[in-house]
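Worksheet: one structure, shown below.
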Amino acid sequence: MLKEHYPIIVGKSVYIDDITPPNTAYLHVVRSPIARGIIKSVSGPEKALLAFTWEQVKNWMPVRLFGPSEGLQVVRMPVLANGRVNFVGQPVMAFVVEDRYEGEDLADEVSLDYEELEAVTDPERALETEPIHPELRSNVFMDQPLQGGNLSLKEKADVLVRRKIKQSRVATNPMEPKGILCWWEGDTLNVRVSTQAPFGVRNDLHELLGIPPEKIKVSSPPNVGGGFGNKSGGYPEYALAALASLKLGRPVKWIETRSEILNNAQSQGRGEVSDMKLYATRSGEMLGMEGVVIANMGAYAYGINYFTSQFVARLSNGPYKLKFASVRAVTVYTNTPPMGFYRGAGRPEAALIHETLVEDLAEELGMDPVEIRRKNLVDDSGYVTPLGLRYDAAGYREVFDRAANYYRKLRETSRGVSLVTFTEIVRTSPGESARIEVRDGRVIVHLGLGAHGQAYESSFKGLVAEELGIDPDKVEVKTGDSEGVKEGIGSFGSRGGTVGSSAALAAAQELKRRMGGKIDLSKEIAVEVFYRAEDIFAPGAHVARVELDRETGMFRVVEYYAVDDVGRVLNREEVEGQIIGGVLQGVSQVMMEAMKFDERGNPMCSSVADCGMLTAVEGPRKVTPEYVEFRSSLFSGSRGVGEAGTTGALPATFLALEKALGKKLSSLPFEPW
């Protein structure tokens with residue numbers, strides 16, 4: 001058992017809500033009950049310690065735009081609604097009370113008067129309806145053509161296949177929802193927060209509150225109860241808690257409820273619509289792709305949620321040697337919560353696009369789906385896609401060949417079997433910070449990323465000890481604290497283990513250099529580095545077998561094989577857990593998970609039971625991970641695996657189900673009725 005797991009298993013781990021200093025007050029947020037409307041009046045509870053509306057805050061959540069912004073229709077999300085609401089769950093008012101449960105009672109005293117307007121929740125319909133923001137020309141935030149390669153080859157294709165797929169929104173649902181505790185010491189803001197990225201929270205609070213970043217100290221509790229992308233930056237509630245603490249001169253805590261997280265800003269991912277074509281020759285050579293990816297950004301531009309359509313479009317090439325691509329990346333506003341990032345964040349959606357098209361092409365040509373993939377697979381030396389993604393050298397063919405053996409064997413006895421292959425982008429850019437200090441006979445490693453279930457301490461301490469030539473028991477690893485290093489990025493995008501371990505090794509090497517090549521634990525010294533890295537790729541090939549109950553239409557994944565290039569296994573137990581956990585989430589998206597809305601924009605999910613969540617009863621009976629170790633160019637040699645399971649399981653389950661049904665599917669999740 002890993003050291004980090006023991007307190008969790010025995011129920012002694014510390015989460016954000018376990019930390020309550022004396023004199024703590026509680027923030028309560030009043031949210032919109034309608035999806036779209038004009039606020040006529042708001043009156044708050046008389047007994048609250050403090051209350052906020054837009055008039056007291058007058059600020060918007062940050063948007064991080066990349067590249068040229070010409071033509072983009074940017075509407076940022078107000079911290080509290082500024083006269084209009086645009087999704088059920090949007091914060092309208094906040095107040096502070098002495099006791100958390102008192103907040104529930106006082107919320108009944110809040111009076112909100114609205115004029116309800118027609119809502120739109122479907123991204124395709126949003127293209128045709130009036131703008132949800134009256135100052136805009138349309139609901140289109142962005143419509144960007146992405147093109148590259150030899151586009152004239154389209155005219156030379158012998159065959160094309162087309163597939164349109166509509167994916168439902170899904171909720172991130174970590175075990176512990178978000179939470180924050182704020183208090184001030186003079187002009188310094190102290191923040192304890194359940195986060196994957198302490199510096200992401202610090203940067204957002206810096207922008208929202210106008211406080212110098214060095215005056216904001218952010219740290220996470222020992223356990224954050226999972227993240228899945230939902231805990232990567234700042235939220236309106238964080239800014240409100242900080243403002244309330246400043247005004248009251250006491251600690252203020254906000255703990256998100258399960259019903260809040262289901263419909264809060266950035267708590268939902270997926271939701272794209274893709275309509276794509278694959279062009280090929282009669283011999284099975286893939287030439288290129290063409291089509292459109294429409295992303296449902298939700299009600300506001302927030303963080304980098306607008307970037308999803310571009311990200312999915314660029315990744316839809318898959319691990320294949322295509323010669324051209326022409327894809328429109330469209331992002332639209334709807335009256336749903338601003339989209340966030342759910343485990344995989346574009347990778348699974350792109351894998352579903354390219355693997356359904358390849359499977360359709362094999363069927364159209366009467367070719368073996370294994371051989372058509374092998375024929376077009378990139379070489380292990382890497383590849384540059386028509387849209388400019390640079391695949392580094394990796395074990396593309398080895399993972400595929402191993403998975404193909406499982407596929408052949410299962411196909412001998414079962415119809416509902418699929419083989420998919422993909423290459424997962426690992427967001428190691430721009431790099432990560434690490435600081436090592438020698439103190440009191442020990443080596444302490446500080447990292448700016450926030451662990452949320454990856455056992456970084458166990459994974460990194462052995463690497464550092466080996467590099468320094470010391471006993472691992474003399475090494476301590478600290479994550480999740482903005483005070484440990486000068487700057488940091490975070491743990492998301494499958495990057496934490498890979499770039500975090502490399503940064504730790506870079507710091508260890510610098511420490512050795514400073515000490516003349518020999519580590520002396522009796523001295524006190526500290527070194528800090530920012531290890532720079534480019535994005536790398538982690539190929540995988542997965543096989544799923546499903547069994548279908550033809551009377552009920554229900555299905556189950558009975559066997560699953562995940563072959564992934566992990567570069568270098570840093571911690572076998574943790575890699576296995578990451579792969580299996582990711583597979584469960586990918587299967588769940590096909591089987592049951594969905595955040596749906598009625599015609600007025602009301603969410604049809606008020607609990608976990610409503611929106612669907614896989615349990616051991618419905619989950620795969622057997623998941624077998626297998627690893628290829630084609631070392632990456634990073635110092636640690638590893639590749640990210642945090643999203644590999646989800647990326648492979650979504651298309652693998654989808655295609656295995658299609659084969660069992662004997663029919664094509666066009667939406668997720670699968671609904672037997």
Side-chain angles (χ1 to χ4, degrees), residues 145-165 274-293 312-328 350-405 407-408 411 418-425 537 539-543 565 648 651-652 654-655 658-659 664:
L146 304 174
Q147 293 185 335
N150 186 358
L151 296 172
S152 67
L153 288 175
K154 173 182 169 182
E155 307 303 324
K156 298 181 180 180
D158 300 315
V159 62
L160 73 85
V161 290
R162 181 175 184 175
R163 180 74 79 109
K164 181 177 180 180
I165 300 176
S274 58
D275 190 352
M276 300 284 282
K277 301 173 185 176
L278 176 62
Y279 294 83
T281 66
R282 184 62 58 186
S283 65
E285 180 187 11
M286 299 181 202
L287 298 176
M289 303 180 79
E290 179 184 49
V292 61
V293 175
V312 174
R314 291 184 184 279
L315 292 176
S316 61
N317 188 107
Y320 302 110
K321 294 182 286 189
L322 301 187
K323 297 170 179 61
F324 73 84
S326 177
V327 186
R328 281 176 56 214
L352 184 63
I353 289 171
H354 60 69
E355 289 308 283
T356 51
L357 285 171
V358 173
E359 201 71 25
D360 291 349
L361 179 61
E363 183 178 306
E364 178 72 18
L365 295 175
M367 290 184 67
D368 183 337
V370 174
E371 293 310 315
I372 199 168
R373 285 179 169 87
R374 183 178 282 120
K375 179 182 180 75
N376 293 280
L377 199 62
V378 305
D379 298 323
D380 287 354
S381 58
Y383 179 69
V384 178
T385 73
L387 294 182
L389 288 181
R390 188 173 297 276
Y391 297 170
D392 57 318
Y396 302 96
R397 292 188 172 270
E398 185 174 354
V399 296
F400 181 78
D401 289 341
R402 288 197 196 181
N405 291 333
Y407 173 80
R408 298 283 196 206
R411 280 289 293 163
S418 68
L419 166 67
V420 301
T421 188
F422 58 91
T423 183
E424 175 199 2
I425 188 170
F537 286 80
H542 292 192
V543 176
D565 179 1
F654 189 87
L655 286 173
E658 283 194 339
K659 290 179 179 295
K664 303 292 184 182

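Heads up: numbering here begins at 1 and tracks the sequence. All figures in this text were calculated on a predicted structure; none of them were measured in a lab.
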Just wondering, do L287 and T281 contact through their side chains at under 4.5 Å, heavy atoms?
yes
Minimal non-hydrogen separation, R282 against D158, with atom names
N-OD2, 2.7 Å
Working to the nearest 0.5 angstrom, can you tell me the gap between K664 NZ and I165 CD1?
10.0 Å
Mark yes or no for whether N317, through its side chain, and T385, through its backbone, hold a donor-acceptor pair below 3.5 Å.
no
Polar contact flag, side-chain donor to acceptor under 3.5 angstrom, S381-D379:
no
Between the side chains of R402 and E398, is the shortest nitrogen-to-carboxylate-oxygen separation below 4.0 Å, so that they form an ion pair?
yes
R397 side chain near V378 side chain, heavy-atom distance below 4.5 Å
no
Take atom CZ of R390 as the centre, draw a 6.0 Å sphere, and report whether it contains more than 12 heavy atoms from other residues, nucleotides or ligands.
no
For L387 against A313, the heavy-atom pair lying closest together
CD1-O, 3.9 Å
For the pair T421 (side chain) and A541 (backbone), establish whether a donor and an acceptor sit closer than 3.5 Å, ignoring hydrogens and angles.
no
Is R162 salt-bridged to D360, going by a charged N under 4.0 Å from an acidic O?
no
Salt-bridge test for E290 and K154: reply yes if a basic N is under 4.0 Å from a carboxylate O, no otherwise.
yes
Please check if the side chain of D392 supplies one atom and the backbone of F537 the other of a donor-acceptor pair under 3.5 Å.
yes
Salt bridge check: are D368 and R408 linked by an N-O gap of less than 4.0 Å?
yes
To the nearest 0.5 Å, what is the distance between CD (E285) and CD1 (I372)?
10.5 Å
May I ask you to decide whether R373 forms a salt bridge with E359, counting only side-chain N to carboxylate O separations under 4.0 Å?
yes
Is there a side-chain contact between L278 and M286 (heavy atoms, below 4.5 Å)?
yes
Kindly state whether the ring of F422 and the ring of H542 have centres lying under 6.0 angstrom apart.
yes
Heavy-atom distance under 4.5 Å between the side chains of S326 and L151, does that happen here?
yes
Given the rule in the side-chain contact (heavy atoms from CB on, under 4.5 Å) test, do Y391 and Y396 qualify, once you have shown the distances and angles that lead to the verdict?
CA-CA 10 Å; Y391 297 170; Y396 302 96; 3.2 Å; yes
For residues V370 and F400, report the shortest heavy-atom separation together with the two atoms involved.
O-CZ, 3.4 Å
Polar side-chain atom of T356 near backbone of P651 as donor-acceptor pair, under 3.5 Å:
no
Please name the residue in the list M276, K277, R314 that meets the side-chain contact (heavy atoms from CB on, under 4.5 Å) test with V327.
M276
Distance (rounded to the nearest 0.5 Å) between D565 CG and T423 OG1
8.5 Å
I353 and M289: side-chain contact (heavy atoms from CB on, under 4.5 Å), yes or no, with the steps?
CA-CA 10 Å; I353 289 171; M289 303 180 79; 4.0 Å; yes
Please name the pair of heavy atoms, one in L655 and one in S418, separated by the smallest distance, quoted to 0.1 Å.
CB-CB, 3.8 Å
Donor-acceptor contact present, side-chain N376 to main-chain Y320, <3.5 Å:
no
CG of L365 to OG of S283: how many Å apart, nearest 0.5 Å?
8.5 Å
Mutual orientation of the aromatic rings belonging to Y279 and F324 [parallel < 30°, tilted 30-60°, perpendicular > 60°]
tilted
When rounded to the nearest 0.5 Å, the distance separating CG of L315 from NE2 of H354 is 8.0 Å
L153 side, atom CG; K323 side, atom NZ - distance, nearest 0.5 Å:
7.5 Å
Under 4.0 Å between a Lys/Arg side-chain N and an Asp/Glu carboxylate O for R163 and D275?
no
Tell me the closest heavy-atom pair linking V161 and L357, and the distance in Å.
CG2-O, 3.6 Å
Using a 4.5 Å cut-off on heavy atoms from C-beta on, say whether the side chain of P369 contacts that of Y407.
yes
